[in-house]
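Encoded as structure tokens, the structure appears first; notes follow it.
These values consider heavy atoms only, across backbone and side chains, with no hydrogens, waters or symmetry-generated copies. We count residues from 1, following the sequence as given. All values derive from a computational prediction rather than experimental measurement.
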Amino acid sequence: MSTSGNSLYVVAIDFGTTYSGYAFSTRANFLKGNEKNINEIYTVHWNAGELMSEKTPTTLLLDADQNFVSFGYDAENMYSRLPEEEKKKYFYFRRFKMMLYDKDGHLKITRNTKLKDMTDKEILAIDVFTHSIKYLRGHFLDSFEKQNLKKAISPEDGDVAWVLTVPAIWDEPAKQFMEEAAEKAGIPKAYLMICLEPEAAAIYCKCLPIEKGGDCLSAMQPGRRFIVLDAGGGTIDMAIQEVTEDGKLQEIDRAQGGDWGGIYVDAQFKEMLEEIVSKPIFEAFRMRFTGDYIDLFRFFESKKREKATSKKVRMQVPQSFLSISDGDINTLTQTKGLGEYVTWKRDKIFIEQKKYEKFFNHVIDKIVFKVEEMLISETALGTDVILMVGGFSECDLLQRRIRESFPSCKVVIPPDCGLAVLKGAVIFGHDPKMIAARVVKYTYGVGTNTTFIEGKHPESKRTVKNGKVYCKDKFDIHVRKGDTIHVDETTDETYYPIYEDQTSVNFRVFTCNHVDPEYIDDEGCKEIGSLTVPMPDTSGGTSRKVKAKFKFGGTKITVEGIDETSKTSVDIKIDFLEGSP
């Protein structure tokens with residue numbers, strides 16, 4: 001992982017399901033311990049006609065040869081203006097981050113994973129992410145060129161430190177996938193940091209210049225434990241953090257959550273419209289009037305964040321949707337048994353508040369259940385603050401349910417909660433050591449041979465080497481799933497060669513989903529790398545010592561093998577991704 005000590009700028013990229021963007025600040029403006037530096041973090045204003053926002057839609061448009069055309073609002077607008085036949089030649093990806101999940105909500109990523117565009121054409125997922133990150137990187141650099149400041153920075157020489165945010169519930173392969181996409185996009189690995197989204201949000205809130213006695217400030221006193229509820233468009237991330245005596249943050253329970261973000265509320269609204277006009281008609285509307293389809297859900301997005309002021313929710317509906325319907329829209333609504341809840345007047349739809357809230361209940365119920373589950377755990381003892389951040393946290397219905405469900409907790413919603421992750425990631429880029437400790441998601445260790453014990457070890461594991469009977473394939477644990485590990489903490493174990501004249505030792509490194517695996521081929525275990533340590537001096541025979549050392553630095557894990565006799569050491573690059581690098 002990079003550090004930003006010599007960088008002139010820190011740029012954080014928040015690659016969200018629904019919206020993406022970047023923020024930056026200069027090293028000169030970042031003064032450690034000075035709360036005013038948070039006001040020196042700059043975001044970009046994206047133009048969508050009459051709408052200005054600090055993030056742009058996560059939408060990518062490529063041409064027929066998979067070359068980049070546009071991203072964000074530009075991609076949406078350009079695609080919507082293309083003739084229907086021309087659209088078929090282009091690759092159009094919208095909200096594609098969640099396409100990495102399978103139908104059961106599991107995240108499975110390899111280098112060969114493919115994504116389908118709007119018309120089901122496929123390309124490699126890593127290329128889609130690379131194009132998108134490259135655009136955001138280029139947008140930042142172009143802004144300097146336009147201001148004649150290009151000569152003032154040299155990104156390739158470390159003048160810019162880059163931070164990429166990822167959900168804390170993402171596993172190691174997913175994080176490596178984003179790193180490799182960023183590297184392909186032109187961000188040198190040496191100047192790239194990965195920041196977990198709930199941690200970024202907690203850092204942002206800790207640095208907020210709240211008045212004395214303010215909710216956020218009191219939540220960040222040493223010893224205080226709090227849940228970070230990061231509710232985004234696609235995923236919900238939750239982690240329990242504690243403020244240490246020196247003012248840093250440490251994770252005390254592993255991050256939890258799932259794919260329960262705001263886009264699933266959109267899906268419920270979409271299902272209702274499909275029920276009224278039929279799926280084929282709605283699909284025809286999406287394909288023929290793409291611009292109107294996008295506008296419809298932009299409007300719905302803004303409605304999700306409004307407070308209820310009447311018994312009915314009113315929304316503008318494109319005239320093209322009404323014209324493509326097969327019959328009178330009110331009659332169709334009555335026929336489907338929805339007339340009691342939904343009415344239409346010209347280009348307006350009126351939805352009864354109770355029906356509207358049902359769009360939200362499925363995901364909000366899951367969020368409430370998970371928060372409750374975390375609060376009753378042993379590690380949550382003393383946790384009485386829920387910190388809500390992320391775009392979906394701006395939803396009044398979600399805020400209300402959290403407050404009603406947990407009356408004994410103080411619910412804190414910071415200003416600009418939708419930008420908390422982005423701005424917090426910039427601060428993290430300047431000072432990664434603000435995070436003191438994290439909870440390990442997996443059990444890590446190496447495969448070894450141990451003395452075979454009759455009745456304890458299975459016969460299938462018996463092996464004879466150098467005249468001695470060993471139990472092969474033992475999983476020697478270095479750190480267990482759920483352990484709290486401080487940043488830059490190391491664990492090491494000593495091993496010995498089996499043969500007197502052995503000139504090297506091979507370590508196979510494994511990870512496991514379970515806390516106490518016994519063997520490297522147990523369920524949930526996976527080999528993630530190997531390294532060979534030279535042991536050229538054989539004079540010590542089988543008494544020679546060789547160490548395997550795990551280092552947990554930031555969000556990365558490295559393994560080192562050391563021959564104690566010659567002091568020769570070898571590092572390993574752990575590869576969590578399947579497929580050719």
Side-chain angles (χ1 to χ4, degrees), residues 1 107 166-176 179 193-196 198-199 239-242 244 248-256 374 377-380 432-450 471-496 505-531 533 545-562 564 569-577:
M1 183 179 75
L107 191 64
V166 299
I169 59 172
W170 274 25
D171 56 14
E172 300 304 322
K175 286 188 279 188
Q176 185 178 329
E179 285 181 327
M193 287 172 271
I194 295 292
C195 181
L196 305 182
E199 291 181 351
I240 299 180
Q241 298 277 349
E242 182 177 43
T244 62
K248 295 182 179 181
L249 296 167
Q250 67 175 21
E251 188 181 41
I252 62 168
D253 194 3
R254 65 186 179 87
Q256 300 184 52
M374 294 186 75
S377 67
E378 292 182 9
T379 52
K433 293 185 177 180
M434 289 187 73
I435 301 297
R438 295 182 175 91
V439 175
V440 181
K441 287 188 176 183
Y442 301 100
T443 295
Y444 289 90
V446 298
T448 60
N449 296 287
T450 61
C471 175
K472 65 180 180 179
D473 298 335
K474 280 291 290 181
F475 195 122
D476 195 44
I477 297 172
H478 278 243
V479 62
R480 285 177 170 82
K481 176 181 179 178
D483 287 351
T484 297
I485 299 293
H486 288 80
V487 174
D488 293 335
E489 182 175 338
T490 61
T491 66
D492 61 74
E493 296 289 344
T494 300
Y495 303 92
Y496 300 88
V505 167
N506 178 259
F507 286 111
R508 297 171 66 197
V509 183
F510 291 83
T511 184
C512 188
N513 288 325
H514 303 296
V515 176
D516 286 304
E518 288 193 65
Y519 303 99
I520 60 175
D521 53 2
D522 284 354
E523 183 182 357
C525 294
K526 178 183 177 182
E527 183 171 356
I528 56 174
S530 65
L531 70 163
V533 184
K545 296 179 180 180
V546 59
K547 285 187 176 181
K549 178 185 288 187
F550 283 70
K551 181 178 180 180
F552 299 84
T555 56
K556 295 291 293 178
I557 299 169
T558 58
V559 183
E560 181 182 15
I562 306 166
E564 291 287 275
S569 66
V570 178
D571 289 326
I572 180 179
K573 176 189 175 185
I574 297 180
D575 187 1
F576 290 97
L577 276 176

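Of all the heavy atoms in N449 and D473, the pair that sits closest is OD1-N, 4.5 Å. Minimum heavy-atom separation, T379 to I252: O-CD1, 3.3 Å. Among all heavy-atom pairs drawn from E251 and V439, the shortest one is OE1-N, 2.9 Å. Residues K481 and V515 share a closest heavy-atom pair of O-CG2, 4.1 Å. Here the shortest heavy-atom pairing between C471 and Y519 reads SG-CE2, 3.7 Å. Scanning all heavy atoms of the two residues, the minimum distance from V446 to A548 falls at CG1-CB, 4.5 Å.
Side-chain contact check for T558 versus D571: every heavy-atom pair is 4.5 Å or farther apart. The side-chain heavy atoms of E179 and I194, taken from C-beta on, include a pair separated by under 4.5 Å. For the pair F510 and K526, the minimum side-chain heavy-atom distance is 4.5 Å or more. By the 4.5 Å heavy-atom criterion applied to side chains, Y495 and V505 are not counted as neighbours. No side-chain heavy atom of D522 sits less than 4.5 Å from a side-chain heavy atom of H514. Side-chain contact between I477 and D516 is present, with at least one heavy-atom pair separated by less than 4.5 Å. Two residues are said to be in side-chain contact when any heavy atoms from C-beta on lie closer than 4.5 Å; M434 and E199 fail this criterion. Residues K549 and I562 form a side-chain contact, since some pair of their non-hydrogen atoms from C-beta on lies under 4.5 Å apart.
Distance check, rounded to the nearest 0.5 Å: OG1 of T443 to CZ of F475 gives 6.0 Å. A distance of 4.0 Å separates CD1 in I240 from CE in M374, rounded to the nearest 0.5 Å. Here NE2 of H478 is found 13.0 Å from OG1 of T511. Values are rounded to the nearest 0.5 Å. Atom CG in D483 sits 15.5 Å away from atom CZ in R438 (nearest 0.5 Å). The OH atom of Y442 lies 6.0 Å from the CG atom of N513; values are rounded to the nearest 0.5 Å. For the atom pair I528 CD1 and C512 SG, the distance stands at 11.0 Å (nearest 0.5 Å).
Using the six-membered ring where Trp is involved, F552 and Y444 have ring planes that are perpendicular, over 60° apart on the 30 and 60° scheme.
Here the options are D492, I557, V479, I485, the test is side-chain contact (heavy atoms from CB on, under 4.5 Å), and the partner is F550; only I557 passes.
Under a 3.5 Å cut-off, the side chain of K472 and the backbone N or O of G447 do not form any donor-acceptor pair.
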